[in-house]
2 protein chains.
Amino acid sequence: MTVTLADVAARAQVSPATVSRVLNGNYPVAASTRERVLRAVDELDYVLNGPASALAAATSDLVGILVNDIADPFFGIMASAIQSEIGGPGGRAGGERLAVVCNTGGSPDRELTYLTLLQRQRAAAVVLTGGAVEDPQHQAAVAQKLRKMTQAGTRIVLCGRPPADDTGAVALTFDNRGGGRALTEHLIGLGHRRLGYIAGPEERTTTRHRLEGHREALAAAGIEEEPGWTVHGRYDRRSGYEATLELLRRDPSLTAVVAANDSVALGACAALREAGRRIPEDVSVAGFDDLPFSIDAVPALTTVRLPLAEAGARAGRIAMGREEPPPGGLATVRGELMVRGSTGVPRG
Amino acid sequence: MTVTLADVAARAQVSPATVSRVLNGNYPVAASTRERVLRAVDELDYVLNGPASALAAATSDLVGILVNDIADPFFGIMASAIQSEIGGPGGRAGGERLAVVCNTGGSPDRELTYLTLLQRQRAAAVVLTGGAVEDPQHQAAVAQKLRKMTQAGTRIVLCGRPPADDTGAVALTFDNRGGGRALTEHLIGLGHRRLGYIAGPEERTTTRHRLEGHREALAAAGIEEEPGWTVHGRYDRRSGYEATLELLRRDPSLTAVVAANDSVALGACAALREAGRRIPEDVSVAGFDDLPFSIDAVPALTTVRLPLAEAGARAGRIAMGREEPPPGGLATVRGELMVRGSTGVPRG
DNA sequence: CACCGTGCCGTAAGCGTTTTCTACATGGAG
DNA sequence: CTCCATGTAGAAAACGCTTACGGCACGGTG
């Protein structure tokens with residue numbers, strides 16, 4: 001039916017072993033023989049049977065990248081960077097590695113399922129991106145799975161995710177707390193005293209860290225947060241829009257709104273504008289991440305730039321064993337405050 | 001070393017065959033036996049060896065999704081919809097299917113490589129999204145590969161891509177031409193006579209079709225396009241920014257700029273604003289795709305909404321054999337003109 | 001009571017590679 | 001001229017699963 005290695009061998013008048021060797025290029029083969037084999041491969045246009053190969057070699061060319069939301073450029077940018085480091089030549093069987101991204105949709109169950117699937121496929125490595133869910137039970141399940149996988153020789157790296165202790169996974173985490181703090185300090189420095197905060201989903205580490213940074217800044221400035229100044233939502237613009245309406249209802253005197261990320265900030269801008277508030281004259285708005293579109297907002301968004309592509313590339317290289325993991329298996333990646341037009345001095 | 005099916009069988013006091021059967025659930029097994037097996041699986045926490053399974057069964061649980069640019073929400077939204085239809089239970093071995101997205105970066109070579117990799121893995125299906133590259137040689141190579149894969153039983157569906165005749169692939173194409181035409185007709189209807197056009201990369205089908213639609217509208221209105229009114233670029237905002245500057249240099253009297261997509265349109269807006277042109281009073285701007293952020297532009301972008309998620313979901317279902325392919329293996333999906341604030345009546 | 005269909009389950013033959021071990025030349029050193 | 005290192009290639013044993021085939025109980029039918 002389909003052409004196999006044996007067919008190629010027959011045609012090239014060599015043994016299957018030899019064909020395998022030229023394909024894998026990990027064993028000396030005479031140039032003339034190699035050429036004969038290659039020609040046969042071509043003529044029959046043979047394609048290696050991946051599963052068979054993986055079975056025999058006890059490892060595959062698969063590398064997984066887990067993301068929370070593939071439609072969100074935040075993850076897209078990271079995934080793209082990771083993939084470009086991971087893909088390309090260097091796989092087994094003279095081939096490329098198959099770098100694939102899996103969309104968990106932020107669901108812990110799907111995350112675990114994908115991990116199992118990747119484990120089942122004997123993936124060579126997997127990179128997990130984005131914040132983790134804080135449910136202890138789920139975290140334990142993930143940690144256990146990660147431990148199993150690293151023990152089985154799968155390299156695991158966390159990109160933009162808190163470390164998972166004792167699992168053998170190396171982590172590149174974003175300094176969300178520091179970024180959140182810098183943003184709010186900036187606003188306080190401008191003179192704001194009444195700041196609304198639109199947080200992400202309650203159960204995510206990213207959400208908590210950014211919020212904690214915000215509150216640290218408030219505390220440091222001696223500002224007491226009033227109840228109702230913080231609203232939880234999702235990481236999309238729609239959520240930002242709705243949360244802002246709620247914030248306005250709760251306290252119309254807010255002079256600044258800090259958003260969980262740039263998309264949320266955009267939704268906030270839309271809501272504020274509809275409510276007749278000018279930005280930044282009446283209300284300042286700040287985002288997080290500095291995604292490409294945030295510079296096109298009018299006014300351009302003040303935000304914290306996260307080096308998504310750089311971190312992703314580094315994570316990819318570490319996953320491929322092409323770069324040393326950071327000492328202790330943990331590195332913190334800082335963001336950079338980008339001050340733009342959406343924040344300004346409050347009136348009065 | 002790692003626990004195998006045989007270990008589970010031993011522990012459950014049954015034969016390997018029985019274990020396989022309860023795992024695959026495709027053969028009657030007594031309830032009591034099944035439970036015993038399941039318990040053993042749990043106690044040993046056994047994970048199936050995917051490659052071995054795929055080898056024996058001559059097919060895998062893998063489903064591939066090819067995208068041109070994973071960092072672009074256009075693809076992210078489609079991929080997300082496809083993946084949510086494809087993933088989930090229904091795979092072999094009582095498990096989920098592994099739906100993975102592969103980022104070609106728009107490179108024909110990488111596209112082919114990924115196809116080969118997926119073929120090698122004996123993928124159950126693959127969905128290709130986004131426009132194709134027009135190079136005849138590359139198209140032939142892709143067509144040949146697709147043909148091979150469909151013959152081998154892999155279901156192939158093209159989503160937002162022109163059909164590939166004679167390959168057995170089913171296609172859901174977007175009516176880019178119609179959308180482009182509608183957009184320009186709208187502008188002409190408003191009174192515009194001097195329209196700049198920022199096209200995508202020259203070699204992509206999507207680019208050509210949108211441009212042809214634009215020109216059809218011009219021709220139908222008896223407007224003769226002047227040389228220099230069309231600039232080619234990439235599908236990102238940076239490119240839109242630069243192309244607009246070029247357009248302005250070539251012909252400052254343009255009253256409208258039609259962009260290849262929304263990101264490009266955003267870049268165009270930025271350039272126009274910097275050049276001191278108001279939108280839409282001085283220059284109207286139109287985009288394409290209606291990505292989420294385009295409604296947040298100020299003014300909101302007039303554009304053509306493509307039902308990305310719907311088309312993706314349908315493609316996913318077809319790939320899974322859960323929905324009948326359209327008659328003739330080809331369906332055209334139309335866009336919808338969304339008139340918003342970025343287009344208006346020209347001055348004078 | 002004999003017989004056969006039915007429901008479960010075990011046996012064993014693959015599936016297509018990789019890789020260890022062995023074997024055969026060949027050529028240079030002693 | 002002998003011997004051994006070296007370079008190259010073949011034989012065959014895994015790798016862990018699926019599944020066709022056969023067999024054994026069991027219970028219902030003739």
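In the text below, chain A, chain B and the rest are named by the order of the sequence lines, each starting its count at 1. Please read all numbers here as calculations on a predicted model, not as lab measurements.
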Practice prompt. Check if the side chain of R122(A) and the base of dG16(D) share a donor-acceptor pair of N or O atoms closer than 3.5 Å.
Written response: no
Discussion item. Quick check for you: among dT8(D), dT11(C), dG16(D), whose closest atom lies nearest to any side-chain atom of P28(A)?
Written reply: dT8(D)
Worksheet item: Checking all strands, does D7(A) fall into the base, sugar-phosphate, or nothing category for heavy-atom contacts under 4.0 angstrom?
Response: nothing
Worksheet item: To the nearest 0.5 Å, what is the distance between CD (Q83(A)) and CZ (R110(B))?
Response: 7.0 Å
Worksheet, complete the sentence: Comparing A56(A) with A56(B), nearest DNA chain D nucleotide closer to 5' gives the residue A56(A)
Worksheet item: Rounded to whole angstrom units, what separation is found between the CG atom of N26(B) and the P atom of dC8(C)?
Response: 14 Å
Worksheet item: Just one of V101(A), T104(A), I65(A) clears the side chain to side chain contact (heavy atoms under 4.5 Å, CB included) bar with I70(A), so which one?
Response: V101(A)
Discussion item. Can you measure R34(B) atom CZ to dC8(C) atom C1' for me and round it to whole angstrom units?
Written reply: 12 Å
Worksheet item: Which listed nucleotide (dT18(D), dG16(C), dG10(C)) is nearest to the side chain of L5(B)?
Response: dT18(D)
Worksheet item: A30(B) near the nucleic acid: base, sugar-phosphate alone, or nothing, with a heavy-atom cut-off under 4.0 Å?
Response: sugar-phosphate
Discussion item. From the set dT19(C), dT17(C), dT18(D), return the single nucleotide nearest to any side-chain atom of N49(A).
Written reply: dT17(C)
Worksheet item: Could a donor-acceptor pair under 3.5 angstrom be found where the side chain of Y27(A) meets the base of dA9(D)?
Response: yes
Discussion item. The test is side-chain contact (heavy atoms from CB on, under 4.5 Å); show your working for V22(A) and V41(A) and say whether it passes.
Written reply: CA-CA 11 Å; V22(A) 345; V41(A) 165; over 6 Å; no
Worksheet item: What nucleic acid atoms does S20(A) come within less than 4.0 Å of, heavy atoms only: base, sugar-phosphate, or nothing?
Response: base
Fill in: Under 3.5 Å donor-acceptor, R317(A) side chain and R322(A) backbone
no
Discussion item. With side chain to side chain donor-acceptor pair (under 3.5 Å) as the test, pick out the partner of K145(B) among T116(B), T150(B), T167(B).
Written reply: T116(B)
Practice prompt. With the side chain of S53(A) defined as its heavy atoms from C-beta on, choose the nearest nucleotide among dG10(D), dT17(C), dT19(D).
Written response: dT17(C)
Worksheet entry | Protein-nucleotide distance (R21(B), atom CZ; dT19(D), atom C1'), rounded to Å | 8 Å
Worksheet, complete the sentence: Regarding the side chain of S15(B), the nearest nucleotide among dA11(D), dA9(D), dT11(C) is dT11(C)
Worksheet entry | Options dC8(C), dT8(D), dT18(C), nucleotide nearest the side-chain atoms of L48(A) | dT18(C)
